*Asks:* 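One structure, as structure tokens, below. Some questions next.
Treat the numbers as computed from the prediction; the structure is a model and nothing was measured. What you see below is based on every heavy atom in this structure, not just the backbone, and it leaves out hydrogens, waters and symmetry mates.
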Amino acid sequence: MKPGLPTAMERPHFIGIGGAGMSGIAKILAQRGGKVAGSDARGDSETAEALRAHGVTVHGGHAAGNLAADSTCVVVSSAIRADNPELARAAELGIPVVHRSDALAALMDGLRPIAVAGTHGKTTTTSMLAVSLSALGLDPSYAIGGDLDAPGSNAHHGEGDIFVAEADESDRTFHKYTPQVAIILNAELDHHANYASIEEIYESFETFVGKVVPGGTLVVAHGQEGAAEIARRVAGREGLTVVTYGEEEGADIRITKITPRGLTSEVTVVLDGRMLTFTVSVPGRHYAHNAVAALAAGVALGIPAHNLASALGKYTGVKRRLQLKGEAAGVQVIDSYAHHPTEMNADLEAIRGAAGDSRILVVFQPHLFSRTQELGKEMGRALALADASVVLDIYPAREDPIPGVTSDIIIAAARAAGADVTAEHDKAAVADVIAGMAKPGDLVLTMGAGDVTDLGPAILARLSS
């Protein structure tokens, strides 16, 4: 099955084409035969090179001249500022501007979409579905917010009729999708620039559920407070089947046992009265729950549970989700994308469970001023789970600074919780700092959603020397 190119997307131009969400859509359009071009601040990135391998034109930097006059549309994300020169040029030429979410929704048209939503765990769960469905020979299309095993592996145009995609709640763009199966892993207050309260979060997720096609299925975490609240609000909706999963009594798919086995877990569930045990090749209770959510979604599309459970064992992780970067001088360096306190706690608990008596050292880079303002104290308390931490300055991403909001909020809370924390304003100095702290047998986590991931190779090189 080969869906055609969406209307007016034969020659799209992407502003910020190197972003995780944008690059995936660009790749799928190129695989469908589109003449795709775009620009990114880093024209020499691995993602840019991966796109070029698919025939995509990638310009380094943003300039009005990058936009071809015959472009049929300009694709943007919420991170693109209104004063971008390519956006201004599009207005001069009368070229329509399409939001990333609308482009993704168009790609799903005519297929059986699974949309994975939640404050945490979207990338992992989407990846688990993509890998397991591929292993079963179903060749799904997918768009993921992270690379599976190589740059550019975050998306694929498949021959099958299933499309698996992350559904991003951060700017409410997940309201654009009409999935056959929707997953809600959790719902917590985050993205403070767009949501003023948890009630607004709940209302937004309710709207998302309302987009599920008639006869479709909602898969929802039974034991997570926010997800359970949404399930209560949508209970009884005509044409919607709700399937719950979790460790608590009353879940439709009940997790009865999670057994840690080093950097993997063995998970046992009861489904339709039958017991099923399978392996999850990443550590931690939260990843086991993600795998069960993926299992439930596949079953909702008619895939036999025992086949899917076996295929889930093929998943070996996604970049930045407790990804082992290497080992030097007896020290393992692991990369974690965790940037919300819930994620930080979950990843640190998972590593603590797998580490035994080893020390855990964290290099943490806060992400966004608004998130730090609202959740900085909770981030600091999470760092108390590590043996020692180095905290960097806030990674601003798309935000301007907020007066009085710095990493000091996190550091003060961490120290109040008894944590051993070092402030480091110079990212280039971190490798030396960690080399002075680490001993053979230690585990080092680079943690955060910004460019802290770049420090892994530098730390390993410094340890080797």
*Asks:* Side chain of Asn84, backbone of Ile80: donor and acceptor closer than 3.5 Å?
*Replies:* no
*Asks:* Between Arg81 and Asp400, does any NZ, NE, NH1 or NH2 come within less than 4.0 Å of an OD or OE carboxylate oxygen?
*Replies:* yes
*Asks:* With sequence neighbours excluded, what pairs up with Glu199 under the salt bridge (charged side-chain N to carboxylate O under 4.0 Å, His left out) test?
*Replies:* Arg233
*Asks:* So how far is it from Ser407 OG to Glu424 CD, rounded to the nearest 0.5 Å?
*Replies:* 11.0 Å
*Asks:* Can you tell me how far apart CG (Leu107) and CD1 (Ile28) are? Round to the nearest 0.5 Å.
*Replies:* 5.5 Å
*Asks:* Which atom pair, heavy atoms only, marks the closest approach of Pro113 to Met108?
*Replies:* CB-SD, 3.6 Å
*Asks:* Taking side chain as C-beta onward, heavy atoms only, is Met128 less than 4.5 Å from Asn290?
*Replies:* yes
*Asks:* Taking atom types as modelled and ignoring hydrogens, do the side chains of Ser39 and Asn66 form a donor-acceptor contact shorter than 3.5 angstrom?
*Replies:* no
*Asks:* Decide whether Arg285 and His289 meet the rule of one side-chain donor and one side-chain acceptor closer than 3.5 Å.
*Replies:* no
*Asks:* Is Arg254 paired with Glu248 through a side-chain N to carboxylate O contact shorter than 4.0 Å?
*Replies:* no
*Asks:* Which one of Val220, Val219, Thr241, Val243 satisfies the side-chain contact (heavy atoms from CB on, under 4.5 Å) criterion with Asp252?
*Replies:* Val243
*Asks:* Kindly give the heavy-atom pair with the smallest separation between Val280 and Ala291, and that separation in Å.
*Replies:* CG2-CB, 3.7 Å
*Asks:* Decide yes or no on salt bridge (charged side-chain N to carboxylate O under 4.0 Å, His left out) for Glu378 and Arg371, but give the supporting numbers first.
*Replies:* CA-CA 11 Å; Glu378 289 88 340; Arg371 182 179 286 122; over 6 Å; no
*Asks:* What about the rings of His120 and His286, do their centers lie closer together than 6.0 Å?
*Replies:* no
*Asks:* Considering non-hydrogen atoms only, spot the tightest contact between Pro85 and His62 and give its length.
*Replies:* CG-O, 3.8 Å
*Asks:* Glu200 side chain to Ala196 main-chain N or O, any donor-acceptor pair under 3.5 Å?
*Replies:* yes
*Asks:* If only atom types and distance count, is the side chain of Glu399 paired as donor or acceptor with the main-chain N or O of Phe369 below 3.5 Å?
*Replies:* yes
*Asks:* Please answer whether the main-chain N or O of Gly61 pairs with a side-chain N or O of Arg42 as donor and acceptor at a distance below 3.5 Å.
*Replies:* no
*Asks:* Compute whether any side-chain donor of one residue and acceptor of the other, for Asp335 and Thr453, lie under 3.5 angstrom apart.
*Replies:* yes
*Asks:* Flag yes if more than 12 heavy atoms outside Lys427 fall under 6.0 Å of its NZ atom; otherwise flag no.
*Replies:* yes
*Asks:* Find the distance between CD1 (Ile144) and OG (Ser127) and round it off to the nearest 0.5 Å.
*Replies:* 4.0 Å
*Asks:* Is the shortest side-chain heavy-atom distance between Lys27 and Leu51 below 4.5 Å?
*Replies:* yes
*Asks:* Side-chain contact, heavy-atom cut-off 4.5 Å: Arg100 with Asp102?
*Replies:* no
*Asks:* Answer with yes or no whether the side chains of Asp451 and Gln365 bring together a donor and an acceptor at under 3.5 Å.
*Replies:* yes
*Asks:* Quick one: are Val333 and Glu327 in side-chain contact, heavy atoms under 4.5 Å?
*Replies:* no
*Asks:* If you compare all heavy atoms of Ser170 against all heavy atoms of Asn194, which two are closest, and at what distance to 0.1 Å?
*Replies:* O-ND2, 2.8 Å
*Asks:* What's the spacing between Ile230 CD1 and Thr207 OG1 if we round to 0.5 Å?
*Replies:* 10.5 Å
*Asks:* Kindly list each side-chain donor-acceptor pair under 3.5 angstrom involving residues 379-396, sequence neighbours excluded, with atom names and distances?
*Replies:*
from   : atom 1 : to     : atom 2 : distance (Å)
Asp387 : OD2    : Arg352 : NH1    : 3.4
Asp387 : OD2    : Arg352 : NH2    : 3.2
Asp387 : OD2    : Ile360 : N      : 2.7
Asp393 : OD1    : His425 : ND1    : 2.7

*Asks:* Checking Tyr287 against Asp347 for the side chain to side chain contact (heavy atoms under 4.5 Å, CB included) test, could you report, in this order, the C-alpha distance in whole Å, the side-chain angles of both residues, the deciding distance, and whether it holds?
*Replies:* CA-CA 9 Å; Tyr287 289 118; Asp347 275 9; 3.4 Å; yes
*Asks:* If you apply the rule side chain to side chain contact (heavy atoms under 4.5 Å, CB included), what do you find for Ile410 with Phe364, and how did you get there?
*Replies:* CA-CA 10 Å; Ile410 297 166; Phe364 179 60; 3.9 Å; yes
*Asks:* For residues Ile114 and Leu129, determine if any side-chain heavy atom of one lies less than 4.5 Å from a side-chain heavy atom of the other.
*Replies:* yes
*Asks:* Would you say His222 and Glu247 are linked by a side-chain donor-acceptor pair, where the criterion is simply a distance under 3.5 Å?
*Replies:* no
*Asks:* For Phe205 together with Phe174, are the ring centres under 6.0 Å from each other?
*Replies:* yes
*Asks:* Does His339 have its ring centroid less than 6.0 Å away from the ring centroid of Tyr337?
*Replies:* yes
*Asks:* Quick one: are Ser204 and His175 in side-chain contact, heavy atoms under 4.5 Å?
*Replies:* yes
*Asks:* Please tell me if the side chains of Gln224 and Leu185 come closer than 4.5 Å, counting only heavy atoms from C-beta onward.
*Replies:* no
*Asks:* Yes or no on salt bridge (charged side-chain N to carboxylate O under 4.0 Å, His left out) for Glu92 and Arg89, after CA distance, side-chain angles and deciding distance?
*Replies:* CA-CA 5 Å; Glu92 291 174 6; Arg89 181 60 174 159; 3.0 Å; yes
*Asks:* Looking at Leu104 and Ala143, what are the two nearest heavy atoms and their distance?
*Replies:* CD1-CB, 4.0 Å
*Asks:* Which one of Glu343, Glu166, Glu169 satisfies the salt bridge (Lys or Arg N to Asp or Glu O under 4.0 Å) criterion with Lys122?
*Replies:* Glu169
*Asks:* Side-chain contact, heavy-atom cut-off 4.5 Å: Ser197 with Tyr202?
*Replies:* no
*Asks:* For the residue pair Tyr177 and Ser101, what are the closest heavy atoms and their distance?
*Replies:* CE2-O, 3.4 Å
*Asks:* Could you tell me whether the side chain of Ser336 and the main chain of Ala338 form a donor-acceptor pair under 3.5 Å?
*Replies:* yes
*Asks:* Should Ile201 and Glu188 be marked as a side chain to side chain contact (heavy atoms under 4.5 Å, CB included) after you check the CA-CA gap, both sets of side-chain angles, and the distance that decides it?
*Replies:* CA-CA 7 Å; Ile201 292 277; Glu188 296 184 26; over 6 Å; no
*Asks:* Please determine whether side chain to side chain contact (heavy atoms under 4.5 Å, CB included) holds for the pair Thr217 and Leu240, giving the CA-CA distance in whole Å, both sets of side-chain angles, and the decisive distance to 0.1 Å.
*Replies:* CA-CA 6 Å; Thr217 301; Leu240 179 70; 5.9 Å; no
